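Following: one structure in structure tokens, then a few remarks.
Note: hydrogens, waters and symmetry copies are ignored here, and every other heavy atom, side chains too, is used. If you're wondering where the values come from, they're calculated on a predicted model, not measured in any experiment. Chain letters run A, B, ... following the sequence lines, proteins first and then strands; every chain starts at 1.
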Amino acid sequence: MRYAMAIDTKKCVGCSDCVIACQTENNVPIGYCRDWIVEVTDGTYPQLEMEIRSERCNHCDNSPCVRCCPTGASHIVEGGIVLVTPNECIGCGACIASCPYDARYPHPDGHVDKCTFCVHRVEKGQQPACVGVCPTNCLYFGDLDDPKSEVSEILKTRKYKTLIPQAGTEPQLYFLI
Amino acid sequence: MANRRQFLKLSTIGIGGMTVGLGACKYIDDFTEIKNNPDELTINLTRTPTYCEVCFWKCAGWVYKTKDGHIWKIIGNDEDQHSNGRFCPRGTGGVGMYYDEDRLKTPLIRTGKRGEFKFREASWDEALDLVAENMKKISAEHGAECIALLTHGSGGKFFGDTLKAFGSTNIAAPSYAQCRGPREVAFTNTFGEGIGSPERTDIRDTKCLVLIGSHLGENMHNGQVQEMSAAIDKGATIITVDPRFSVAAGKSKYWLPIKPATDLALLLAWIHVIIYEEWYDKRYVEKYTFGFDYLKEHVRTMTPEWAYGKTTIQPDIIRKTAKEMANASPAVIIHPGRHVTWYGDDTQRLRAVAILNALLGSWGRRGGFYAPSKLSVPSYPHPEFPKPARTWRDAFPGKYNLADETLASGVCDATIPSIDRSCNFKMWIVNGTNLINTLPDTAKTLEAIDALDFIVVVDTMPMEIVSYADVVLPECTYLERYDAIRVSPHRKPAIALRMPAVEPKYNTKPAWWIAKQLAEKLGLGHFVPYDNIEEMLNWQLKEVGSSLEEMQKIGVKTYEREWDDLYFTENEDVEFFTNTGKIELYSSSFVEQGFDAMPNYTEHPQPPEGFYRLNYGRAPMHTFSRTANNANLTDLMEENVLWVNPKVASLWNLENAQPVWLINQDGIVSSFPIKVRITERIRWDSVYMVHGFGHAQKQLTRCYGKGASDTQLISNVMEDPIMGGTGMRGNFVSFLTEKPEEAIL
């Protein structure tokens, strides 16, 4: 099993619903977030192009955050989901420094926090909160090892890219372009 | 951490390149006591149905509550056609309204001057007695009809009924004359029916969507954004006309970066091309419309070349986009927009939109405009309301005859004493609308308030308007109350229930209770002949084959349409509700009222040297000023910024994130500074900001002084002579880089 997410940049309007749905679902304290919106505009008026992306942890196959964690708090569970066990985390911040995507932040309770792909929901067969709420239906989540999953199907038909592939982390967020 | 978030915060206003849309950091640890582990949250969860009150799309959803009684999250109801189970960011963050510690907490009676926010606490009995006493006094001295209700929210239904029972039908919502009124009048006088809300646009199945200044995606009216996304999936062509590179423009095959205030010229040129190239739907036009020959002659000279000089849009682009529309016909939507009070000729501009849709045969067709269906839910039986002695229209003899709702701005005008009017408004009841940030020309609003004998404000938050109240009645939030059943027009008729998820916090009360108590104190209790709202709702629901018990379990009930009439059938004979019974390309009612039967282009002033047109719009995470203090939503966006084209920035030596004050053409200075966002996404002749910021009320601790208020700078109002709409886009601003004397911060 290999969980992954595809994000359709042609549909995302950058409304931040994924951000706030994650915050409420996972009780992320106000002022912090596990996912965020990036807007890139290129060109000069009126020859302009814009890409909007909903970003979060890439749940990399080759995760520098897990390798550098001195206590084993950062670990990988079934389906390739990268997690942090709060009471094993000493808050040293090595993982934050190692992540090329800036996907981790120090939680005010003293541990590092990040996107979990809503593993507590996925285990019950539900979608991550961000996927379930997105008003533009631009997020697709599922198992890449299952050729019939929604995410596998969409990656067969659409062009996509990953972010900072040169970092060699084998990221599992696919941006449809 | 602080560094990363600081970086994110700054980069929201970054030049070109990467910009990250997230707000600043505030860790509010007492916000809720919910545990960190989501697994723990799900033990003994309960959920109750509601429909959202953060905007007026009114999505139905579920409020999830933990076993400790904390509201955990709000999720869309899958059965709901407004949301399809997916709330927008505002609805998802609606819980912030409930937890806001700045809420109004108990009834207040004014002790200082109006505007000073000096009050003493009062009991509900004392506050309502004072309101009733003043209503009776004004009724005796001037007539009950000199009392007006200004409302924008679910509570309006209940206060409206009490007011009608008392003898006044002067009930106004700023959503009409300050927002969507022109489109309703334009479409009603073309097709015999208005657009309504939710809009009857069949975006889901359209092949071509044309947005004129409408910024879906930033304007987060949920169902429409969802359907636009579905249309993108199906390969629909989007054409966006906007001087700003909006989010929708970024999704469009064609973006037409029009010179502001010239949209009508473009619309007329499109009409010209579609008629003279014979791209219109001939059978449809012949069968259903009136006045085609007049129209053809009317637009004869309005060629793309004619429009080019006005709009700066290349003639070949005008032809190409017209062809795109024609190719998609009838599955094409020239979107009527929502906030359309721009330049004072807005009804005529929207008439051009309606005419274009008629020529392309999109009204009544799949992928165009469908016929919504609405359930008829009877009112709880009550005695007939008395006929009012006069209405607001009597204050404006011969004017605004085509307006089909009360003008909030008209009520304001008719409040200012004048010798030509026999009765000026003497009292306002204001519910859920912050008139100071809603009505343009703030000086006039304040003059009207000053002239009032009495003003009552019912709200959940200490908005600016509250400070002018003689009596403040604190309403509980939508999460703490029942309201009227949501009965909305859609593809299928449906109803939705709002019930309290939690008990009202503080000494706050639901609108239905406040309005009923007031009716009783006025001796009008027989108009509200139920003991509590559950009894009333249950009676109504049983009339439509449901019950309160059932609706508490399901939240939304969808019915089948009585007739299969979502679209016209092939060659169907259709009678339109117009004078001619046809779609009026030539408007007979406009002629009757002395207006142009067909739209004419008028030149509007352009900004003088050193000034820039003030454009404003919406952000997906806020609804006007009502969400500006919501902790969850300010976390996503805590202030507005001023979009400035790089050329303009370089001329003024402006830097990103630099605070500037604005001065408008009448010398009005913004009370607060706004940070500059240098971006290619805006034309060099305009600036842009999101509406609803720059709050001057200190009691709104989270949003006080954050960003600037566009409303404050809108002192030039271009009135629509047809229906009284207040055109607000004819204001020009310049930059002040040093703090001016007039500014507060």
Side-chain angles (χ1 to χ4, degrees), chain A residues 8 10-21 23-33 35-52 55 86 93 96 102 104-109 111 113 116 118-121 123-124 129 132-138, chain B residues 1 4-5 8 16-22 24-29 31-32 34-36 38-39 41-42 72-76 86-89 92-93 95 217-218 220 222 225-226 228-230 232-233 245 247 250-251 255 257 620-621 631-633 635-637 645 679-684:
Chain A
D8 191 344
K10 297 286 180 202
K11 292 200 290 182
C12 178
V13 295
C15 72
S16 301
D17 206 3
C18 46
V19 180
I20 194 163
Q23 288 173 320
T24 53
E25 174 70 28
N26 296 297
N27 195 34
V28 176
I30 293 220
Y32 299 83
C33 57
D35 53 354
W36 59 93
I37 299 293
V38 174
E39 171 204 307
V40 186
T41 308
D42 279 325
T44 307
Y45 192 100
Q47 256 73 50
L48 292 170
E49 276 182 27
M50 178 164 46
E51 180 175 288
I52 305 176
E55 293 189 6
I96 295 175
D102 203 10
R104 294 170 162 245
Y105 71 93
H107 192 283
D109 287 351
H111 59 87
D113 193 41
T116 64
C118 280
V119 65
H120 63 288
R121 291 170 60 92
E123 278 167 356
K124 291 180 203 138
V133 81
C134 175
T136 66
N137 270 290
C138 80
Chain B
M1 176 63 210
R4 175 173 180 250
R5 297 298 142 174
L8 292 178
M18 188 174 95
T19 59
V20 182
L22 260 179
C25 275
K26 287 170 266 83
Y27 177 44
I28 300 175
D29 57 0
F31 183 72
T32 135
I34 296 173
K35 299 282 185 295
N36 262 321
D39 282 336
L41 286 169
T42 55
W72 172 29
K73 60 179 178 182
I74 309 170
I75 302 287
R86 292 162 181 263
F87 264 25
C88 86
T92 307
V95 65
E218 288 158 285
M220 203 61 210
N222 197 344
V225 177
Q226 293 193 18
M228 181 170 78
S229 189
I232 292 172
D233 255 345
F245 189 62
V247 166
K251 311 284 178 202
W255 169 44
M621 55 292 277
N632 298 66
L633 299 177
D635 192 38
L636 300 175
M637 177 183 178
N645 183 281
T679 173
E680 291 285 354
R681 291 178 58 192
I682 183 86
R683 256 178 87 104
W684 53 87

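When each of B:Gly76, B:Pro89, B:Ser229 is checked for heavy-atom pairs under 4.5 Å with chain A, B:Pro89 comes out on top. Comparing B:Gly250, B:Gly93, B:Pro620, B:Ala230 by how many heavy-atom pairs each has under 4.5 Å with chain A, the most go to B:Pro620. Of the listed residues (B:Asp233, B:Ile74, B:Leu633), the one with the most heavy-atom contacts under 4.5 Å to chain A is B:Asp233. Counting heavy-atom pairs closer than 4.5 Å to chain B, the top residue among A:Cys138, A:Pro135, A:Ala21 is A:Pro135.
Of the two parts of B:Ile682, only the backbone, made up of N, CA, C and O, holds a non-hydrogen atom closer than 4.5 Å to a non-hydrogen atom of chain A. Looking at A:Cys134, both its backbone and its side chain come within 4.5 Å of chain B, counting heavy atoms on both sides. Only the side chain of A:Ile52 comes within contact range of chain B, with heavy atoms under 4.5 Å apart.
In this structure, the side chain of A:Gln23 engages the main chain of A:Tyr32 through a donor-acceptor pair within 3.5 Å.
A donor-acceptor pair shorter than 3.5 Å cannot be found between the side chains of B:Arg681 and B:Asn645. The closest side-chain donor-acceptor pair between A:Tyr105 and A:Asp113 falls under 3.5 angstrom.
A search for side-chain contact (heavy atoms from CB on, under 4.5 Å) contacts involving A:Pro86 returns A:His111, not counting sequence neighbours. Partners of B:Lys73 by side chain to side chain donor-acceptor pair (under 3.5 Å), not counting sequence neighbours, listed by chain and number: A:Glu25.
Two residues are said to be in side-chain contact when any heavy atoms from C-beta on lie closer than 4.5 Å; B:Phe245 and B:Thr679 fail this criterion.
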